[in-house]
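Quick notes on the structure that follows.
Counting starts at 1 for both ligands and their atoms, in listed order. Both backbone and side-chain heavy atoms feed into the values below; hydrogens, waters and symmetry mates do not.
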Amino acid sequence: MGDENIRPVISVVCPCYNEEDVINIFLREITKVLGEIGETYELVFINDGSRDNTLGALVSAKQTFQNMRIINLSRNFGKEAALTAGLDQAKGDVIIPIDVDLQDPPEMIKEFMLHWRNGSDVVLARRIDRSSDSFAKRVSARLFYKFNNKISKVAIPENVGDYRLMTRKVLDALQQLPESERFMKGLFAWVGFKATVVDYKRDERKAGKTSFNGWKLWNFALEGITSFSTFPLKVWLYLGLIISLLAFFYGTVIILQTIILGVDMPGYASTMTTILFLGGIQLIGIGVLGEYIGRIYMESKRRPTYIIEDEY
Ligand code: UDP
Ligand code: MG
């Protein structure tokens, strides 16, 4: 057990941030399922700078559960980075990212494996029932997918999270993408490969609480959109053209009015409206530019996605 050089068939990759309460329940469930499947496996845990005793819980669990590897990041890098760290470490023929809070039912791995044996390179778990998510989260998720899939060339499958199975071939492709800000759902979709979809009902968290609030989700959505589409940049060209055209006609009308009817002074309302409207439009345009330039700036630094402090 635990021989560093033997490649397991299955790598399960679990990013953990403040999850001390669920680690043991998760381990019991996942090892039960993996035991029933009967293939060799490894469990790759990434401690993403947890502020509670997640690391301690993982390290002491390792005495009971073999085949565990613990990657301890030097601080909290966020779920996308933590997942990337885990994927980079995984040695298996098939790789399965999963949340430790048991919102992704481990039982499904059996079905994943069946599809894999039948030749699938990617098996996606799709949530058919999101009643465990808040109303606001469901609505905003809907809007995100709708908008994103309209403007991006690569559609991100709706209601599909990171829970999935991928073969080594797919992981190799994923690792060819060099960006350091990694919007995983988008990257998964970008590499392609034929996917089989398996439906499931998303459970409630078993313990602990979600670390994604409204602001974090908004930024996550911005990351997703700006990583995969330049539409928000291009739209200003057309908006600008339309507004200039309207302004041109309006200008002509004013000039003709002055010539035919003579000079008159009123017009405070129309002047103010135009100035304020254009000012607003320009600020939005600059804001969008800022979002992209900020990201170009971050990418151009070529910093690593995460830093490993130590491994257990
Ligand atoms: N997570 C992480 N780093 C973070 C935030 C979350 O590794 O900065 C992990 C977390 O421990 C969990 C998974 O990502 O295993 C999903 O997080 P969460 O359950 O909070 O998100 P939700 O299910 O509410 O979308
Ligand atoms: Mg969760």
Side-chain angles (χ1 to χ4, degrees), residues 11-30 43-58 61 68-90 95-106 108-109 125-127 129-142 144-145 156 158-164 180-188 200-221 223-224 305-309 311:
S11 290
V12 175
V13 176
C14 331
C16 307
Y17 177 60
N18 297 346
E19 303 280 12
E20 62 178 345
D21 294 337
V22 280
I23 300 247
N24 282 300
I25 321 172
F26 173 77
L27 272 165
R28 249 176 286 138
E29 294 225 2
I30 192 94
L43 300 167
V44 183
F45 286 90
I46 307 91
N47 176 39
D48 185 18
S50 298
R51 273 180 259 251
D52 64 359
N53 193 34
T54 298
L55 183 62
L58 285 170
M68 255 178 88
R69 288 164 61 206
I70 305 163
I71 314 296
N72 185 34
L73 301 187
S74 60
R75 63 171 169 85
N76 177 249
F77 282 89
K79 175 168 183 196
E80 308 301 294
L83 182 56
T84 305
L87 293 177
D88 291 347
Q89 293 290 324
I95 298 93
I96 304 174
I98 186 171
D99 289 357
V100 272
D101 58 11
L102 289 172
Q103 284 195 291
D104 305 330
M108 286 185 75
I109 295 178
R126 181 170 59 195
R127 310 158 188 179
D129 176 355
R130 295 185 62 142
S131 53
S132 67
D133 285 330
S134 72
F135 177 73
K137 189 164 175 181
R138 291 204 302 271
V139 171
S140 54
R142 259 242 77 150
F144 169 76
Y145 286 115
I156 298 176
E158 199 164 338
N159 292 327
V160 169
D162 296 327
Y163 189 30
R164 63 186 60 219
S180 55
E181 286 295 327
R182 300 183 79 80
F183 182 71
M184 296 307 293
K185 273 185 230 226
L187 301 182
F188 284 139
Y200 79 109
K201 179 180 177 316
R202 190 152 167 86
D203 289 331
E204 301 278 349
R205 237 177 189 282
K206 282 289 173 297
K209 58 179 196 321
T210 177
S211 47
F212 287 90
N213 54 29
W215 179 243
K216 238 178 158 181
L217 282 172
W218 161 250
N219 281 301
F220 192 50
E223 183 66 46
T305 307
Y306 56 86
I307 299 288
I308 296 176
E309 185 172 328
E311 294 177 34

Numbering the atoms of ligand 1 from 1, which are under 4.0 Å from a heavy atom of [X]?
X    : result
C16  : 7 (O), 11 (O)
E19  : 10 (C), 11 (O), 12 (C), 15 (O)
D48  : 2 (C), 3 (N), 4 (C), 7 (O), 8 (O)
K137 : 22 (P), 24 (O), 25 (O)
D101 : 19 (O), 23 (O)

Contact check: P15 vs ligand 1, nitrogen or oxygen atoms, below 3.5 angstrom: yes

I'd like to check whether K209 has a polar contact with ligand 1, where a contact means an N/O of the residue lying under 3.5 Å from an N/O of the ligand. no

Look at [atom] and say which protein heavy atom is nearest, naming residue and atom and giving the distance to 0.1 Å.
atom                    : answer
atom 16 (C) of ligand 1 : D99 OD2, 3.3 Å
atom 1 (N) of ligand 1  : Y17 CB, 3.7 Å
atom 17 (O) of ligand 1 : F212 CE1, 3.8 Å
atom 14 (O) of ligand 1 : K79 CD, 3.1 Å
atom 23 (O) of ligand 1 : Q103 OE1, 2.7 Å
atom 24 (O) of ligand 1 : T210 OG1, 2.6 Å
atom 6 (C) of ligand 1  : S211 OG, 3.4 Å
atom 18 (P) of ligand 1 : R205 NH2, 3.5 Å

Taking [Y]'s backbone N and O only, do any of them form a donor-acceptor pair with [X]'s side chain (distance below 3.5 Å, no angle check)?
X    : Y    : value
D52  : E20  : yes
D99  : D101 : no
R69  : Q89  : yes
N159 : R126 : no
E309 : N72  : no
S180 : T305 : no

State whether F77 and R75 meet the cation-pi test: NZ (Lys) or CZ (Arg) under 6.0 Å from the six-membered ring centroid, and within 45° of the perpendicular axis. yes

Please work out, at 4.0 Å between heavy atoms, whether the side chain, the backbone, both, or neither of [X] comes within that distance of ligand 1.
X    : value
E80  : neither
N76  : side chain
V100 : both

Looking at R142 and E158, does any basic side-chain N land under 4.0 Å from a carboxylate oxygen? yes

Any N/O/S atom, backbone or side chain, of Q103 lying under 2.8 Å from the Mg ion (ligand 2)? yes

Please determine if the Mg ion (ligand 2) has an N/O/S atom from D101 lying under 2.8 Å away. yes

In a check of side chain to side chain contact (heavy atoms under 4.5 Å, CB included) between C16 and each of I23, V22, L55, I46, which one passes? I23

Between L58 and M68, which heavy-atom pair has the shortest distance, and what is it? O-CE, 3.4 Å

Distance, nearest 0.5 Å, that separates OH of Y163 from CZ of R127: 12.0 Å

Side chain to side chain donor-acceptor pair (under 3.5 Å) partner of Y306, the single match among D88, D48, T84: D88

